Amino acid sequence: MRRTMYCGSVREEHIEQKVVLEGWVNRRRDLGGLIFLDLRDREGIVQVVVDPGSPCYRQADRLRSEWVIRVEGLVRARPLEQVNPKIATGQVEVEAQQLEVLSEAKTLPFQIDAGWRGEEDPKVAEEVRLRHRVVDLRRKRLHENLRLRHKLITAIYRFLDGEGFVSVETPFLTRSTPEGARDFLVPSRLEPGSFYALPQSPQLFKQMLMVAGYDRYFQIARCFRDEDLRADRQPDFTQLDLEMSFVTQEDVLALNERLAAYVMKETLGVDVPLPFPRLTYAEAMNRYGSDKPELRFDLELVDVTEAFRGGEFRAFAEVETVKALVVPASLSRKEIEGLEALAKSKGAAGLAWAKREHGAWSGGIARFIPESLGQRLEVGEGETVLFVAGVWRPSVEGLGAVRLELGRRLGLIGPGYAFAWVVDFPLLEWDQENARWTYMHHPFTSPNLDDLEHLETDPARVRALAYDLVFNGSEAGGGSIRIHRRDLQERMFALLGISAEEAQEKFGFLLEALSYGAPPHGGIAWGLDRWVANMTEEDSIREVIAFPKNKEGKETLTGAPSPVDPAQLAVLGLALKE
RNA sequence: GCUCCGGUGGUGUAGUUGGUUAACAUACCCGCCUGUCACGUGGGAGAUCGCGGGUUCAAGUCCCGUCCGGAGCGCCA
């Protein structure tokens with residue numbers, strides 16, 4: 001007989017029953033005669049008791065942490081005063097009758113037992129954890145994270161299936177397209193000198209599916225971008241990718257809100273109010289200094305450009321934008337210096353400050369501040385006001401970064417989950433480096449048709465039918481209504497400086513598809529890793545990916561990337577440069 | 001490519017203005033212990049302080065270089 005149930009599933013209802021359990025020794029307590037074992041599997045731990053008179057006593061005496069064993073025994077109630085309320089199986093214990101060692105184990109490089117009895121696991125350097133990922137993955141926290149991830153994905157399938165979406169797989173080995181992120185390339189053996197690229201997203205394939213009439217598509221899609229890593233970025237990551245035909249932006253937002261509310265309820269039991277707040281890009285930037293504002297605290301930026309316009313303070317008098325942030329705390333010089341460095345890292349010119357003390361401005365730029373500003377900003381006694389001035393975007397982004405840091409530092413960020421849509425992104429932005437217009441989202445995003453007349457004459461003014469889903473201050477998704485007319489797509493390519501020949505060469509298949517009768521369509525992609533990280537309140541997506549890459553893009557378990565045998569290169573027609 | 005932070009027994013930390021035997025917790029090994037649940041208790045082993053060089057009578061500590069890791073900037077349609 002193999003096991004009869006999970007260790008973590010034994011309950012009072014099983015008392016008097018004979019059970020067979022298999023699992024890992026989470027911990028062994030040897031009282032010198034009486035031995036207790038906490039036996040663990042993915043569902044939890046249960047206490048096994050081995051009496052000195054038991055035939056398996058000698059075996060139990062040998063056992064060590066993390067050995068894998070099989071126990072046959074009788075479930076019995078614990079004496080009332082010995083119930084352990086900290087574990088789900090705490091009402092009962094298993095009296096061992098037979099015990100078999102299935103596998104011995106070396107001493108673990110770090111301890112993982114605490115989490116399973118409801119405590120915090122001791123902190124271990126991430127480097128060590130990743131090097132021993134198999135051990136790390138045994139921790140309760142990672143079990144919970146990965147199982148939540150699974151619940152999220154199954155909820156997504158249930159919901160979208162119910163809404164008539166069809167799951168379709170798209171190729172991993174595809175064609176390199178220009179622009180966007182750097183591609184991962186895969187050399188072709190059958191056609192030496194040519195390369196596949198791994199998809200940065202299934203974008204064009206899903207548009208093809210719309211043209212082909214599938215109407216509603218989704219995919220839990222692996223995507224690949226060869227860029228540097230961050231806490232929320234991996235070179236291979238997972239998107240929920242979806243696309244819908246015959247829809248407006250409104251339809252896409254409404255469906256995705258319902259999907260988000262559904263998965264939050266199904267996975268965390270959390271009720272998310274609908275509809276989500278909506279901010280235009282301009283509003284988000286002006287009020288929060290970010291296009292992915294953290295909305296779990298206020299502390300909004302205030303525009304004070306006009307208060308300084310033409311005044312005696314030269315640095316503020318003639319700039320595009322002056323923004324203020326009223327900080328409900330008295331910041332030290334040193335703190336302000338640190339925040340200034342942060343603002344500058346986002347391109348702000350600097351960070352000016354003043355304090356309100358004894359009903360008057362003091363310190364920093366106090367003497368340049370119009371008295372009336374104090375009232376308008378509603379500055380309290382002892383509070384600090386921070387200012388940025390200069391070009392609009394770097395200024396608001398600089399102060400936005402300061403806002404977020406202060407939110408963290410002052411403990412302003414509330415618990416819970418805050419969703420929002422950011423809409424009305426600019427279609428294009430000026431690329432300083434290459435002196436040309438470039439797309440903000442991607443080149444297949446539809447302009448807002450109300451702004452179409454300005455497309456060539458005043459590109460900066462054209463809004464896109466693009467939207468981002470913001471979840472606790474992270475960009476959890478982004479999408480757009482796509483261009484579905486060939487002529488408009490060609491106009492767009494031209495505007496981006498892509499010649500007709502190049503457009504034909506690189507995107508001919510798209511243009512071709514659009515000319516066979518394409519429905520209006522649009523969709524979105526969710527960054528699934530970030531979603532799970534937000535839901536589990538992890539700071540890094542590496543905590544919700546079973547086998548993540550480290551900061552250098554290495555997969556430390558297998559040691560990828562690794563050199564390959566020269567013969568493998570030869571088959572591909574490749575040679576390494578010295 | 002750049003900036004910042006870190007690297008001390010297996011793990012996590014301490015280590016003062018440079019000073020003699022590198023401390024603590026936990027894990028590990030052995031003994032004792034029949035109701036523990038982070039069992040208790042007694043003992044033991046375990047670190048050339050990431051690596052290389054320099055300053056100094058003396059370097060875990062200061063300086064330079066380098067490697068490794070993390071956060072960020074650039075980059076990420």
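As the structure is a prediction and not an experimental result, all values here were calculated from the model. Convention: sequence-line order gives letters A, B, ...; per-chain numbering from 1. Because only heavy atoms are used, hydrogens play no part in the values below, and waters and symmetry mates are left out as well, while side chains stay in.
A:K554 comes within 4.0 angstrom of sugar-phosphate atoms only, judged by non-hydrogen atoms across all strands, and of no base. As judged by a 4.0 angstrom heavy-atom cut-off over every strand, A:R62 is placed among residues making no nucleic acid contact. Looking at heavy-atom distances under 4.0 Å, A:N550 makes contact with sugar-phosphate atoms alone, never a base. Contact annotation for A:Q47: base contact, defined as any heavy-atom pair under 4.0 Å involving a base atom. Residue A:K551 is in base contact, counting any heavy-atom pair closer than 4.0 Å across all strands shown. Using a 4.0 Å heavy-atom cutoff across all strands shown, A:R64 reaches sugar-phosphate atoms only and no base atom. A:Q203 comes within contact range of at least one nucleobase, with a heavy-atom separation under 4.0 Å. Residue A:E93 is in base contact, counting any heavy-atom pair closer than 4.0 Å across all strands shown. Residue A:S65 is classed as a sugar-phosphate contact, given heavy-atom separations below 4.0 Å to backbone atoms only. A:A114 comes within 4.0 angstrom of no nucleic acid atom, judged by non-hydrogen atoms across all strands. Within the nucleic acid shown, A:P122 has no heavy atom closer than 4.0 Å to any nucleic acid atom. Residue contacts shown for A:R542 are limited to sugar-phosphate atoms, with no base heavy atom under 4.0 Å away.
For A:Q98, the CD atom sits in a loose shell: 12 or fewer heavy atoms of surrounding residues, nucleotides or ligands are nearer than 6.0 Å.
Pairing each heavy atom of A:N145 with each of A:E543, the nearest pair is ND2-O, 2.8 Å.
Taking only side-chain atoms of A:R27, from C-beta outward, the nucleotide of B:G35, B:G12, B:C39 with the closest atom is B:C39. When distances are taken from the side chain of A:R76 to each of B:G74, B:G35, B:U11, the shortest belongs to B:G35. The side chain of A:E126 lies closest to B:G70 when the candidates are B:G35, B:C39, B:G70. With B:C75, B:C37, B:C68 as the candidates, the nucleotide lying closest to the side chain of A:R78 is B:C37. The listed nucleotides are B:C39, B:A27, B:C76; the one nearest the side chain of A:Q111 is B:A27.
When both pairing distances are held under 3.5 Å, B:A38 makes no Watson-Crick or G-U pair with any nucleotide shown. Pair assignment for B:G72: B:C2, on the basis of Watson-Crick or G-U wobble contacts that are both within less than 3.5 Å.
Distance check: A:R141 CZ to A:I112 CD1 gives 15.5 Å after rounding to the nearest 0.5 Å. Note that OG1 of A:T174 is 11.5 Å distant from CZ of A:F224, once rounded to the nearest 0.5 Å.
A:R233 places its CZ atom 13 Å from the C1' atom of B:A71, with the value rounded to the nearest Å. In this structure, CG of A:D236 is placed 15 Å from C1' of B:C76, rounded to the nearest angstrom. In this structure, A:E552 places its CD atom 14 Å from C1' of B:G72, rounding to the nearest Å. As rounded to whole Å, 6 Å separates atom P of B:G74 from atom NZ of A:K346. Remark: P of B:G35 and CG of A:L34 are 7 Å apart, rounded to the nearest angstrom. Taking atom CD1 on A:I45 and atom P on B:U36, their separation rounds to 16 Å, with Å as the unit.
Aromatic ring centres of A:W67 and A:W24: separated by at least 6.0 Å.
Under the stacking criterion of a centre-to-centre distance below 5.5 angstrom and an interplanar angle below 30°, A:F110 is not stacked against the six-membered ring of B:U11.
With P as the reference atom, B:A25 and B:G35 are 26 Å apart, rounded to whole Å. Taking atom C1' in both B:C4 and B:G74, the straight-line distance is 15 Å, to the nearest Å. B:U48 and B:U21: their C1' atoms are spaced 15 Å apart (whole Å).
Residues A:S9 and A:R11 bring no donor and acceptor atom of their side chains to less than 3.5 Å of each other.
Residues A:F237 and A:R225 form a side-chain contact, since some pair of their non-hydrogen atoms from C-beta on lies under 4.5 Å apart.
In terms of phosphate contacts, A:N84 brings no side-chain nitrogen or oxygen within less than 4.0 Å of OP1 or OP2 of B:C37.
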